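Residue numbers start at 1 and run along the sequence shown. Keep in mind the model is a prediction, meaning the values are calculated, not measured.
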Amino acid sequence: MAQLAMLLSRAQNGLTADLVTVEVHLAPGLPGLNIVGLPEAAVREAKDRVKAAITTCGYRFPVQRITCNLAPADLPKEGSRFDLAIALGILVASEQVPAAPLQAVEVLGELSLSGELRPVPGVLPAALKATQAGRALLVPAACADEAALAPQARVLPAQTLAALCAALHEGGPAAIAASAPKAPAVDEPDLSDVRGQPQARRALEIAAAGEHSLLLVGSPGAGKSMLARRLPGILPPLTAEESLEVAAVASIAHGGFDAADWGRRPFRAPHHTASGVALVGGGGQPRPGEITLAHRGVLFLDELPEYERRSLEVLREPLESGRITVSRAARQAEFPARFQLVAAMNPCPCGWLGDPSGKCRCTPDQVQRYRGRISGPLLDRIDLQLFVPRVDAAQLADRTATAESSATVRERVITARSRQLDRQGVPNAQLHGKALERHAAPDDAAAALLQTALARHLLTARSYHRCLRVARTLADLDNSERTGAQHAAEALRYREMDRTPV
């Protein structure tokens, strides 16, 4: 007599976790386990892991024809996340464990040959979806803390298949309560380590306050990378919702999320040999790239002109939209990409153009070709652009010099960002269209100044709007209701690459 068992699991599709029904059917015939429903290699190999785990744990593997269907059949299934659901389905169908405790439960987990439950990626997105559906999530114990980050989640952890089956005979494993860990203390590199560079420090504060992108241009050793690595330390703390987004991205990208990183803004610094796919994400089964891994944090591109031009051009759309859509023939995945771009570059191929040492011997043509590796449309999308001079030896060696700490600057940034969120609900860098006209409207003097810059072709239409956003941020830092001429003038000073001749 045929026997049938049905369990629920989740497939990973970008940041979403699609529901999968695991149907196990036992019927007379030649013994064997056949898995259908568009499984890829790792899923097809589950038959050997499942059989070994069941027999090792002291249960009987049915000597029947076993068909396991992963529905819906047109959704690609990958990875080892269905091992536990398949094993439990076989045990339920063969009446070796009760089915009742598995009602309203979703199951994820990889099995070892000994029956141990191993962690799988994407547990947090699955926990969020299971909670929305009103079901508990059964996961390996190593994934329990990650799954418990989902608000109101009911997480059922298990160490081994044998222990889990024993618990099912007694009514099911005990649930652990969902609990988000406390945000860690800020231990980022401190701005007080930076000697001199008042204008660059000011630009960093503006970028943090309004979520603006930033380009630092300067000679080797000017401190561009040092400044960039201190931006996360002055950014406002993540909200609980934003922390959940960051954790979900890490869950699918790194095979799991470390709870010790809860509330920490990402800082990604890919090498300049990174391809466009490495930055934007992709693959047969779409995976997030460096842009998405920097979501709600900082993407730092050092030696910007050394990147392939095609790689840099993929930044243009996510800088505007804050999202990335990766399309493949069989499926499409959408990833968040609300990041802050910080880039650094030398002013010329040798790096010494404009330096007081006079070391530069580059010709204007060489400098033009070097800077031409960065397209005008991409440069237009970078809000703040400034040259960073080298710090003189006396200032660098002065041990008595003091500078503001990251904590002091961060307080001003938090105050300015709060003004923006109270006024318009988003940081100034995300103002567009009517919202930009309404909330960042300059006064008459500031408008005249910006119109003059437009008339002299110092700004494009896009860079004009970016100047408006930066000027609005400067007004917020000054606790000013209106954007004045002084704010517009300072915003124009941060468009140095637009108006600096080669």
Test salt bridge (charged side-chain N to carboxylate O under 4.0 Å, His left out) applied to E211 and R265, step by step: CA-CA 13 Å; E211 207 176 76; R265 290 187 181 269; 5.5 Å; no
Identified side chain to side chain contact (heavy atoms under 4.5 Å, CB included) partner of C57 from the options T160, L91, L161: L161
Results of salt bridge (Lys or Arg N to Asp or Glu O under 4.0 Å) for E437 - residues two or more places apart only: none
Check: H254 side chain, G256 main-chain N or O, donor-acceptor pair, under 3.5 Å: no
NZ/K47: more than 12 non-hydrogen atoms of other groups inside 6.0 Å: yes
For E308, all residues meeting side-chain contact (heavy atoms from CB on, under 4.5 Å), sequence neighbours excluded: R310, S311
Under 3.5 Å: donor-acceptor pair, side chain of T131, backbone of A127: yes
NZ/NE/NH1/NH2 to OD/OE distance under 4.0 Å, D261 and R264: yes
Non-neighbouring partners of R423 that pass salt bridge (Lys or Arg N to Asp or Glu O under 4.0 Å), sequence neighbours left out: D476
Residue pairs fulfilling side chain to side chain donor-acceptor pair (under 3.5 Å) with at least one residue in residues 86-111, sequence neighbours excluded: R10-E106, S80-E110, S94-Q96, E106-R135
Residues R410, E205: salt bridge by 4.0 Å N-O rule: no
Non-hydrogen atoms of L168 and P173 that approach each other most closely: CD2-CD, 4.2 Å
Note: R230-E188 ion pair, threshold 4.0 Å (strictly below): no
Backbone of R316 reached by a side-chain donor or acceptor of E320 within 3.5 Å: no
Exercise: identify the closest heavy-atom pair between P318 and F339: CB-CE2, 4.1 Å
Any side-chain heavy-atom pair of F257 and E146 under 4.5 Å: yes
NZ/NE/NH1/NH2 to OD/OE distance under 4.0 Å, E40 and K77: no
Plane angle bin for Y59 and H169 - parallel if under 30°, tilted between 30 and 60°, otherwise perpendicular: parallel
Partner set under side-chain contact (heavy atoms from CB on, under 4.5 Å) for A203, not counting sequence neighbours: L214, L386, Y494
Pairing residues for R338 by the salt bridge (Lys or Arg N to Asp or Glu O under 4.0 Å) criterion, not counting sequence neighbours: none
Under 3.5 Å: donor-acceptor pair, side chain of R65, backbone of L26: no
